[in-house]
Protein chains: 2
Amino acid sequence: MNIGQASAASGVSAKMLRYYEEIGLLPKAARTGAGYRVYSAKDVNTLRFIRRARDLGLSIERIKLLVGLWQDRERSSADVKRVAIEHVAELDAKILELTAMRETLQELADACHGDHRPDCPILHDLEGGSSSPEHRFTVTKDVHRRKGAAAGLPAECHAG
Amino acid sequence: MNIGQASAASGVSAKMLRYYEEIGLLPKAARTGAGYRVYSAKDVNTLRFIRRARDLGLSIERIKLLVGLWQDRERSSADVKRVAIEHVAELDAKILELTAMRETLQELADACHGDHRPDCPILHDLEGGSSSPEHRFTVTKDVHRRKGAAAGLPAECHAG
DNA sequence: CCTTGACCTTCCCACTATGGGAATCCCCAT
DNA sequence: ATGGGGATTCCCATAGTGGGAAGGTCAAGG
């Protein structure tokens, strides 16, 4: 099986296959005499595992852990669960942050006439205009503050 | 006002000030004889505007638009509102996506004993193990599929 | 046998925003 | 004059992913 076939069989792009190998998420693939990478059905299984984990938003680092546990028959399910729980916590933090932004922006948009006139509460708010800050829309202000930015959410954060 | 003072007054790091200038979000700052950038109170206003917009998760591109509208007395509030609404839609898409991931992962974690035994439904699911795929936890499956990845959410997606 | 096209290889670049750090220079106070 | 703090530019790194160029390979058909 060459890289294209492994890619098609796993749903992971050939580009990513090479990348995962490079960063050590996958062991170095065997090569044909001509230098082509060779994959087995077992490799494809691992790739599918990785792809599903990516679909759940897990970072490459966490996936490394999970793949390690997966291939370790001595693992304890507690270890696996911990990794999952950590990721859920990060997802929660991210969701909270985005939701706070969304709420604020939605309220501002709701307050905007959206007509031909230049008057606009959205701009007014961004201007920091209202002299008493406590009257600005804030909605769990701290959550979306720069420092509050949660730990890394991976791939899905990048526009395709 | 030099770059450090403008940074302190606006909450935007000096590094970002230079970057914003480089990418054209800010006009090129005037310089002293020695090459130091010089900022006015008006510049600081713009910087605060930008910072607040970033706090709401708006991309640099959208902020460019908003700053343009902000400084245009002929603007229509409808234009501003449209930009805001677009961003809300992207936030919604992202939130949906993350929520779907979260739900799936939470269910898997709930189903995991989390003890010393190796048996683990999380790994089992990632394996794609269950022969009948419709029994796998999915929860709005399409939403978190790669193709479903929403349009770009900016900065906050990056781990500090 | 040779061409053609599909595939593989490596290497570099781009993206989003942001931070870190080095080398060098400037300004002000002692 | 000297020292410290700040400014300048330039390069690098991040997390994943895609795009593309330049060149080698393989298989099928003429």
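Being a predicted model, the structure only gives us computed values, none of them experimental. Convention: sequence-line order gives letters A, B, ...; per-chain numbering from 1.
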CZ on A/Arg37 to CZ on A/Arg31, rounded to 0.5 Å: 4.0 Å
Provide, to the nearest angstrom, the distance between the [atom1] atom belonging to [X] and the [atom2] atom belonging to [N].
| X | N | atom1 | atom2 | answer |
| --- | --- | --- | --- | --- |
| B/Leu17 | D/dG6 | CG | P | 16 Å |
| A/Arg18 | D/dG19 | CZ | P | 13 Å |
| A/Gln5 | C/dA6 | CD | P | 16 Å |
| A/Ile50 | D/dG16 | CD1 | P | 12 Å |
| B/His87 | C/dT16 | NE2 | C1' | 14 Å |
| B/Arg51 | C/dA17 | CZ | P | 16 Å |
| B/Glu61 | C/dT16 | CD | C1' | 11 Å |
| B/Tyr19 | C/dC15 | OH | P | 9 Å |

Nucleic acid contacts of residues 32-40 of chain B, taken as heavy-atom distances under 4.0 Å to DNA chain C: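 B/Ala34, B/Tyr36 - these, ordered by number, are the residues of the stretch whose heavy atoms sit under 4.0 Å from the strand.
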Any B/Arg31 side-chain nitrogen or oxygen under 4.0 Å from OP1 or OP2 of D/dT9: yes
Under 4.0 angstrom between A/Tyr20 side-chain N/O and D/dT17 OP1 or OP2: yes
Under 3.5 Å: donor-acceptor pair, side chain of A/His113, backbone of A/Cys120: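 Between the backbone of A/Cys120 and the side chain of A/His113 there is no qualifying donor-acceptor contact (under 3.5 Å).
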Closest listed nucleotide, where the reference is the side chain of A/Ile60 and the choices are D/dG16, C/dA17, D/dG6: D/dG16
Side chain of B/Met16 - closest among C/dT18, D/dT8, D/dT17: C/dT18
Student check: side-chain heavy atoms of A/Val12 and A/Ser7 closer than 4.5 Å: no
Side-chain heavy atoms of A/Leu123 within contact of B/Arg75, under 4.5 Å: yes
A/Asp43 and A/Thr46 side chains, donor-acceptor separation under 3.5 Å: no
Any side-chain donor near an acceptor of the partner, B/Asp115 and A/Ser77, under 3.5 Å: yes
A/Asp72 atom CG, over 12 foreign heavy atoms within 6.0 Å: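 Check passes, neighbour count above 12.
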Side-chain donor/acceptor contact of A/Lys15 with base of D/dG20 under 3.5 Å: yes
Residue whose nearest DNA chain D nucleotide is more 5′ - A/Ser13 or B/Ala14: B/Ala14
